[in-house]
There are 2 protein chains.
Amino acid sequence: MASHTPASLKALLNQRGFRLTPQRQTILHIFQTLPQGNHLSAEELHNILVAQGERISLSTVYRTLHVMAFMGVLRELELAEGHKHYELNSPDPHQHHHLVCVQCNRTLEFESDLIDRIGTKQAEAEGYHLLDCQLTIYIVCPDAMQQGWSHSLPRDWVCNRMMQMRPDPE
Amino acid sequence: MASHTPASLKALLNQRGFRLTPQRQTILHIFQTLPQGNHLSAEELHNILVAQGERISLSTVYRTLHVMAFMGVLRELELAEGHKHYELNSPDPHQHHHLVCVQCNRTLEFESDLIDRIGTKQAEAEGYHLLDCQLTIYIVCPDAMQQGWSHSLPRDWVCNRMMQMRPDPE
DNA sequence: AACTAGATGATAAGCTTTATCATTAGATGC
DNA sequence: GCATCTAATGATAAAGCTTATCATCTAGTT
Ligand SMILES: [Zn+2]
Ligand SMILES: [Zn+2]
Ligand SMILES: [Zn+2]
Ligand SMILES: [Zn+2]
């Protein structure tokens, strides 16, 4: 399956009693034209919509993200920034995974059939039905490293705040 | 390194200007005596403390979790339940990963050197310093499956709520 | 013992997400 | 096309978890 057309999205939604609305179509379109490797949070998505002059409420954004993720059109990502991210979902054999810098929050994607296979195998070994698997690799980019930083597990404000307060002992 | 003793924890904290307090010692002890494979959220941890008769504020719980994660004593987990989980951090070659049921939120751990190696390799290939890597596999357990459920990407209340409203089309 | 800087606890504020509900508008069948 | 039924929208309030503030207390050091 390539990406959804308005018609195929409508069919998919209707099949389950959901409806295709202009808002949902607009939102899908944004994800479809998003540069490869980008993810959007609910708020980022809403900002884009507002910038485009659309008048879609934040409520609708959240609802649409939920429904789309539920239908398998979008994939929900947990990247440790205090909010969820969404991206177009690709068919099973082509999932990708993420490198996340805990300093600047930039993310990089990569693919790995091997990981997908491990995930599938592990789920089946336990007798479960696999829905999705995501390898998230937390890193620090070289820039951040040079700012006196080479640690094990900081996150979010913990690292940002504390590093300013408290540089490495010599 | 086995686990921390009060003395080694104190040394580690002091090295960076942090202090060892009775509260921090108590909290570390709880994690150390937690059954293998359990994780605690801030609130769960606080509940345990209260149940034990300790008088530690929620503020202190959050602060301690942050500091401990920052120091690498605890590992912070993102398991898609709307809040973070913490567990004792183990030295690098022995990280483990998680299977999460999106229905009942139960989690299962497993280890995989292979995944750790992939993570390390991937991070180094990009020239980054690896902090941690976590493979999270989202699944549905057999129980949930039998309740008429065999889908692609639901999460949280989306799936719980919507499935009640709207069973599979025949 | 005294001193200094970090930690605590109580409380308020913040941010993301979810719930409510009156109103609007798809989908279906005639 | 029109009527009907039910889902979706938008505005707003509420919830849930996390972070900020600040006066008070205390660990670590001299
Ligand atoms: Zn992505
Ligand atoms: Zn970075
Ligand atoms: Zn675990
Ligand atoms: Zn389950």
Side-chain angles (χ1 to χ4, degrees), chain A residues 6-7 9-27 40-47 49-50 54-71 76-86 155-162 165-166, chain B residues 6-7 9-27 40-47 49-50 54-71 76 78-86 155-162 165-166 169:
Chain A
L9 179 62
K10 175 166 164 18
L12 186 66
L13 290 171
N14 290 351
Q15 183 187 3
R16 289 199 150 256
F18 293 112
R19 291 172 182 176
L20 180 61
T21 64
Q23 290 91 335
R24 288 178 179 176
Q25 209 166 311
T26 303
I27 288 175
L40 297 178
S41 67
E43 198 181 0
E44 287 166 343
L45 174 55
H46 189 237
N47 287 342
L49 289 164
V50 169
E54 311 282 344
R55 197 174 311 289
I56 301 183
S57 75
L58 191 53
S59 306
T60 298
V61 168
Y62 274 104
R63 245 184 316 241
T64 302
L65 291 174
H66 290 150
V67 172
M68 299 265 210
F70 177 70
M71 301 301 297
E76 190 176 274
L77 305 173
E78 307 280 341
L79 300 177
E81 300 168 39
H83 56 258
K84 291 167 184 163
H85 283 182
Y86 297 84
R155 293 275 183 288
D156 288 14
W157 69 266
V158 184
C159 91
N160 294 321
R161 288 284 310 280
M162 289 196 174
M165 302 163 35
R166 203 187 310 274
Chain B
L9 179 62
K10 175 165 163 22
L12 187 65
L13 290 172
N14 289 351
Q15 183 187 5
R16 287 196 154 258
F18 294 113
R19 291 174 182 175
L20 180 61
T21 64
Q23 290 92 335
R24 288 177 181 176
Q25 210 168 309
T26 303
I27 288 174
L40 297 178
S41 66
E43 198 181 359
E44 287 166 343
L45 174 55
H46 189 236
N47 288 342
L49 289 165
V50 170
E54 311 281 347
R55 199 176 312 293
I56 300 183
S57 76
L58 192 54
S59 304
T60 299
V61 168
Y62 274 105
R63 245 184 316 239
T64 301
L65 291 174
H66 289 149
V67 172
M68 299 266 212
F70 176 69
M71 301 301 297
E76 190 176 274
E78 306 282 341
L79 301 178
E81 301 166 39
H83 56 259
K84 289 168 186 162
H85 283 181
Y86 296 85
R155 291 277 182 285
D156 287 15
W157 68 266
V158 184
C159 87
N160 294 319
R161 287 285 308 280
M162 288 194 175
M165 301 163 38
R166 203 189 309 274

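Chain identifiers are assigned alphabetically (A, B, ...) following the order of the sequence lines, protein sequences preceding nucleic acid strands; residue numbering begins at 1 within each chain. All values below were derived from every heavy atom in this structure, side-chain atoms included, with hydrogens, water molecules and symmetry-related copies excluded.
What separates CG of B:Leu12 from P of C:dG6 is a distance of 17 Å, to the nearest Å. If you take CG of A:Leu49 and C1' of D:dG10, they are 14 Å apart, rounded to a whole angstrom. Atom-to-atom, CG of A:Leu65 to P of C:dT17 comes out at 9 Å; the value is rounded to the nearest Å. Whole-Å rounding puts the A:Tyr86 OH to C:dT17 P distance at 7 Å. Atom CZ in A:Phe18 sits about 17 Å away from atom C1' in C:dA25, given to the nearest Å. If you take CG of B:Leu58 and P of C:dT8, they are 13 Å apart, rounded to a whole angstrom. D:dG16 atom C1' lies 14 Å from atom CG of B:Asn47, rounded to whole Å. If you take OH of A:Tyr62 and P of D:dA15, they are 17 Å apart, rounded to a whole angstrom.
Bending across the helix from C:dA1-D:dT30 to C:dC30-D:dG1, expressed as the angle between its end axes from five pairs apiece, amounts to 50° (10° rounding).
Within the model, atoms NZ of B:Lys84 and NE2 of B:His66 stand 6.0 Å from one another, a figure rounded to the nearest 0.5 Å. One distance of note links CD of B:Glu76 with NE2 of B:His85; it measures 11.0 Å at 0.5 Å rounding. Taking CG of A:Leu77 as the reference point, atom CD of B:Glu78 lies at 12.0 Å (rounded to 0.5 Å). Atom-to-atom distance recorded for B:Ser41:OG and B:Asn47:CG is 7.5 Å, nearest 0.5 angstrom. The distance from the CZ atom of A:Arg63 to the OG1 atom of A:Thr21 is 9.5 Å, given to the nearest 0.5 Å.
Distance from the side chain of A:His83 is smallest to C:dT17 among C:dT18, D:dT9, C:dT17. Side-chain atoms of B:Arg24 lie closest to C:dA7 of the nucleotides C:dA7, D:dT6, D:dT18. Side-chain proximity of B:Arg19 to D:dT18, D:dT26, D:dG10: nearest is D:dT26. Among D:dA8, C:dT17, D:dG28, the nucleotide with an atom closest to any side-chain atom of B:Leu20 is D:dG28. Comparing C:dG9, D:dT9, C:dA7 against the side chain of B:Ile56 picks out C:dG9 as the nearest.
Two residues, A:Ser57 and B:Ala42, neighbour DNA chain D, and the one matched to the more 5' nucleotide by heavy-atom proximity is A:Ser57. Taking the nucleotide of DNA chain D with the nearest heavy atom to each of A:Ser59 and B:Glu43, the more 5' of the two is matched to A:Ser59.
Counting all heavy atoms, side chain and backbone alike, A:Gln23 lies closest to A:Thr60 at CB-CG2, 3.9 Å. Of all heavy-atom pairs spanning A:Leu9 and A:Arg24, the tightest one is CD2-O, 4.5 Å. Residue B:Asn14 comes nearest to B:Leu20 through the heavy atom pair OD1-N, 4.3 Å, listed as atom of the first residue, atom of the second, then distance.
The shortest distance between side-chain heavy atoms of B:Met71 and B:Phe18 falls below 4.5 Å.
Evaluation of atom-type donor-acceptor distances gives no pair under 3.5 Å for the side chain of B:Arg63 against the base of C:dG6.
Taking side-chain N and O atoms only, B:Thr60 has no distance below 4.0 Å to OP1 or OP2 of C:dA7. Regarding contacts with the backbone of D:dT26, every side-chain N or O of B:Gln23 stays at 4.0 angstrom or more from both OP1 and OP2. For the pair B:His66 and D:dT19, the criterion of a side-chain N or O lying under 4.0 Å from OP1 or OP2 is met. An OP1 or OP2 oxygen of D:dC17 is reached within less than 4.0 angstrom by no side-chain nitrogen or oxygen of B:Ser41. Proximity of B:Asn14 to the phosphate of D:dG28: a side-chain N or O atom is located under 4.0 Å from OP1 or OP2. A sub-4.0 Å separation between OP1 or OP2 of C:dG26 and a side-chain N or O of A:Lys10 is absent.
Of the options B:Leu40, B:Leu58, B:Thr64, a side-chain contact (heavy atoms from CB on, under 4.5 Å) to B:Leu45 is made by B:Leu40 and by none of the others.
Between the side chain of B:His46 and the backbone N or O of B:Ile56, at least one donor-acceptor pair lies under 3.5 Å.
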Can you tabulate the close N/O pairs, meaning under 3.5 Å, that link protein atoms to atoms of nucleotides 2-4 of chain D?
none

